[in-house]
Amino acid sequence: IEGAAQGKGRGRQVIAVAKSADLILMMLDATKPDAHKAVLEAELESTGIRLNKQPADIYFRKKKTGGIKFNAMVPLTKMGANPADVVS
């Protein structure tokens with residue numbers, strides 16, 4: 001569904017199912033142009049679903065004094081300078 005990331009149609013429900021799935025299999029009509037594949041990939045990427053990429057190497061650790069400690073083993077490009085602001 002084009003515009004699913006913005007909640008168009010039943011897009012939010014489709015995205016929620018895709019986020020909880022272990023595998024996403026896209027079946028496309030071979031008689032239609034490749035633009036449909038690009039639209040699907042763009043919608044999934046805009047909601048944070050990583051297609052054909054390794055999972056992010058990050059983890060959270062609970063501190064003894066309360067709160068959490070955030071560690072990342074790769075450069076973070078979408079979380080900004082303070083990832084805790086994005087998570088909370």
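Since we're looking at a predicted model, the values are computed, not measured.
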Practice prompt. With sequence neighbours left out, write down each residue that passes salt bridge (charged side-chain N to carboxylate O under 4.0 Å, His left out) with Lys37, or none if nothing qualifies.
Written response: Glu41
Item to complete: Please list, chain by chain and in numerical order, all residues satisfying side-chain contact (heavy atoms from CB on, under 4.5 Å) with Lys63, sequence neighbours excluded.
Response: Thr65, Lys69
Without placing hydrogens or testing angles, list every side-chain donor-acceptor pair under 3.5 Å for residues 21-34, not counting sequence neighbours.
{"residue": "Asp29", "atom": "OD1", "partner": "Thr31", "partner atom": "N", "Å": "3.1"}
{"residue": "Asp29", "atom": "OD1", "partner": "Thr31", "partner atom": "OG1", "Å": "2.8"}
{"residue": "Asp29", "atom": "OD2", "partner": "Thr31", "partner atom": "OG1", "Å": "3.2"}

Worksheet item: How many angstroms lie between atom CD1 of Ile15 and atom OG of Ser46, to the nearest 0.5 angstrom?
Response: 6.5 Å
Worksheet item: Hey, does Glu43 have a side-chain heavy atom less than 4.5 Å from the side chain of Thr47?
Response: no
Practice prompt. Under the side-chain contact (heavy atoms from CB on, under 4.5 Å) rule, collect the residues that match up with Glu45, sequence neighbours excluded.
Written response: Leu51, Lys53
